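Below, chain A is the first sequence line, B the second, and so on; all start at residue 1. Keep in mind that what you see is a predicted model, and the values were worked out from it rather than measured.
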There are 2 protein chains.
Amino acid sequence: MRLTTKGRYAVTAMLDLALHHDQGPTRLAGISDRQGISLSYLEQLFAQLRRQELVTSVRGPGGGYHLGRQPDTISVAEVIAAVNEDTDTTRCGGAGDCQEGEICLTHHLWMDLSDQVRAFLQSITLGDLVERQDIRRVSMQQAMRSKPIESMAEQIPASNL
Amino acid sequence: MRLTTKGRYAVTAMLDLALHHDQGPTRLAGISDRQGISLSYLEQLFAQLRRQELVTSVRGPGGGYHLGRQPDTISVAEVIAAVNEDTDTTRCGGAGDCQEGEICLTHHLWMDLSDQVRAFLQSITLGDLVERQDIRRVSMQQAMRSKPIESMAEQIPASNL
DNA sequence: ATATAGTTGACTAAAATACTAGGTTATGTG
DNA sequence: CACATAACCTAGTATTTTAGTCAACTATAT
């Protein structure tokens with residue numbers, strides 16, 4: 001289980017989807033606006049999420065994406081795994097014979113830790129995250145910001161601290 | 001808390017050090033041989049580990065590295081954090097104003113998950129790993145084939161978000 | 001004196017990341 | 001039907017990270 005910013009993008013996008021779960025299809029353009037992720041990058045991520053059947057799509061006007069299952073049945077671990085397609089670059093590659101036919105320390109150790117982390121992230125669902133107050137609050141702020149037509153798509157945050 | 005192969009290299013090297021903790025300084029060349037990590041790459045990793053005072057060095061013939069503290073006081077999280085020097089590329093960068101002065105979903109969510117993972121990895125020390133998997137024997141019997149060691153995975157504390 | 005072993009810096013190939021550009025295809029609406 | 005919409009797809013690209021090499025240097029035990 002690798003943990004990188006790519007996985008975070010995917011989880012964030014899926015959470016956005018979960019937050020609008022009862023509002024018909026969600027457009028990637030909307031997620032892009034709300035979460036500040038480039039549209040084309042989202043398209044790539046969602047191609048992978050779709051392949052794993054974590055989302056379903058509706059084409060054409062009024063279209064967008066739905067969660068493939070109920071929010072409380074989709075774990076964070078699944079989402080991360082979906083975009084981090086297996087890049088197992090271990091010497092042993094699971095065979096356990098990376099060093100002169102012997103089991104290597106590395107593989108077992110890391111696989112164990114990795115599995116523990118995975119198990120933890122598997123216990124957290126999108127449904128769990130949606131229930132969180134802080135997330136609901138931020139989501140509401142995002143909704144208010146994107147409602148008016150006056151809000152331009154231009155989003156170069158010239159504002160620093 | 002990022003989880004990549006780089007972190008695994010560092011943890012593996014530190015575990016090797018822990019295994020030879022009572023045998024005087026451990027040479028990087030030895031770790032390189034045993035764990036199959038390039039010497040020069042190890043040098044880079046140990047430069048970072050040294051900066052974080054996770055190891056101490058002895059120069060000259062017979063020299064090498066020692067753990068900076070006792071194995072049971074060095075957590076896996078610390079080791080990983082040491083080599084994954086903060087490359088926080090979040091839009092908000094911790095300030096929480098990534099999107100038009102507002103807190104972003106991403107930051108809170110990911111920081112929380114990341115903190116949970118960190119807390120978990122912080123609860124595992126090098127001392128634990130040496131004991132739990134009984135790898136000391138494996139490392140001492142390099143010429144022998146050894147059976148796969150079943151991991152005694154510690155149960156994840158029921159976590160709540 | 002010499003070999004050892006850490007220390008440092010510059011450099012590099014390969015991969016992953018994050019994104020851009022420019023299409024095509026399906027489909028709802030006027 | 002025309003058209004706008006939005007998913008879908010492919011290719012390319014800049015940047016960063018990974019993993020490593022190479023070369024020089026400093027400290028120290030023998």
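Nearest-nucleotide positions on DNA chain C place B:R27 closer to the 5' end than the other of A:T4 and B:R27. Mapping A:G60 and B:V58 onto DNA chain C via the closest heavy atom, the residue that lands nearer the 5' end is B:V58.
The shortest distance between the side-chain N/O atoms of B:Y65 and the OP1/OP2 oxygens of C:dT7 is below 4.0 Å. Taking only side-chain nitrogens and oxygens, A:Y41 comes nearer than 4.0 Å to OP1 or OP2 of C:dA18. Using a 4.0 Å cut-off, some side-chain N or O of B:R2 falls inside it from OP1 or OP2 of D:dT18. In this model, the phosphate group of D:dT18 is not approached by any side-chain N or O of B:Y9 to a distance below 4.0 Å at OP1 or OP2. Regarding contacts with the backbone of D:dC8, a side-chain N or O of A:R50 is found under 4.0 angstrom from either OP1 or OP2.
Closest to the A:K6 side chain, of the nucleotides C:dT17, D:dT21, C:dT27, is C:dT17. Here D:dA7 is the nucleotide among D:dA7, D:dA19, C:dT4 with the atom lying nearest to any side-chain atom of A:S57. Of the candidate nucleotides D:dA7, D:dA27, C:dT17, C:dT17 has the atom lying nearest to any side-chain atom of A:T5.
Atom CG of B:L45 and atom C1' of D:dA19 are 9 Å apart (whole Å). Separating the CG atom of B:L49 from the P atom of C:dT8 is a distance of 13 Å, rounded to the nearest angstrom. Straight-line distance from the CG atom of A:L3 to the C1' atom of C:dA16: 16 Å, rounded to whole Å. Atoms CG (A:L28) and P (D:dA7) sit 4 Å apart, rounded to a whole Å. Atom CD in B:Q48 sits about 12 Å away from atom P in C:dT8, given to the nearest Å. For the pair B:L42 CG and D:dA19 P, the interatomic distance rounds to 12 Å; values are reported in whole Å. For the pair A:E43 CD and C:dA18 C1', the interatomic distance rounds to 14 Å; values are reported in whole Å. Between the P atom of C:dA18 and the CD atom of A:Q35 lies a distance of 16 Å, rounded to the nearest Å.
No side-chain heavy atom of B:M14 sits under 4.5 Å from any side-chain heavy atom of B:L129. Counting heavy atoms from C-beta outward, B:Q70 and B:H21 have side chains that approach closer than 4.5 Å. Proximity of A:L3 to B:W110: side-chain heavy atoms (C-beta onward) are separated by under 4.5 Å at one or more points.
Counting any heavy atom pair closer than 4.0 Å across all strands shown, B:F46 reaches no nucleic acid atom. A:T56 comes within contact range of no nucleotide atom at all, as no heavy-atom separation falls under 4.0 Å. B:L39 comes within 4.0 angstrom of no nucleic acid atom, judged by non-hydrogen atoms across all strands. Contact annotation for A:S40: base contact, defined as any heavy-atom pair under 4.0 Å involving a base atom.
The base of C:dT20 sits with one of its N or O atoms less than 3.5 Å from a complementary donor or acceptor on the side chain of A:Q44. Judged by distance alone, with hydrogens and angles left aside, B:R59 brings a side-chain donor or acceptor within reach of the base of D:dT26, the pair sitting under 3.5 Å.
Counting heavy-atom neighbours within 6.0 Å of B:E53 CD, excluding the residue itself, gives a total of 12 or less.
Among the candidates A:T56, A:V55, A:I74, the single residue satisfying the side chain to side chain contact (heavy atoms under 4.5 Å, CB included) test with A:R69 is A:I74.
Distance CG/B:L42 to CD1/B:I31: 6.0 Å, rounded to 0.5 Å.
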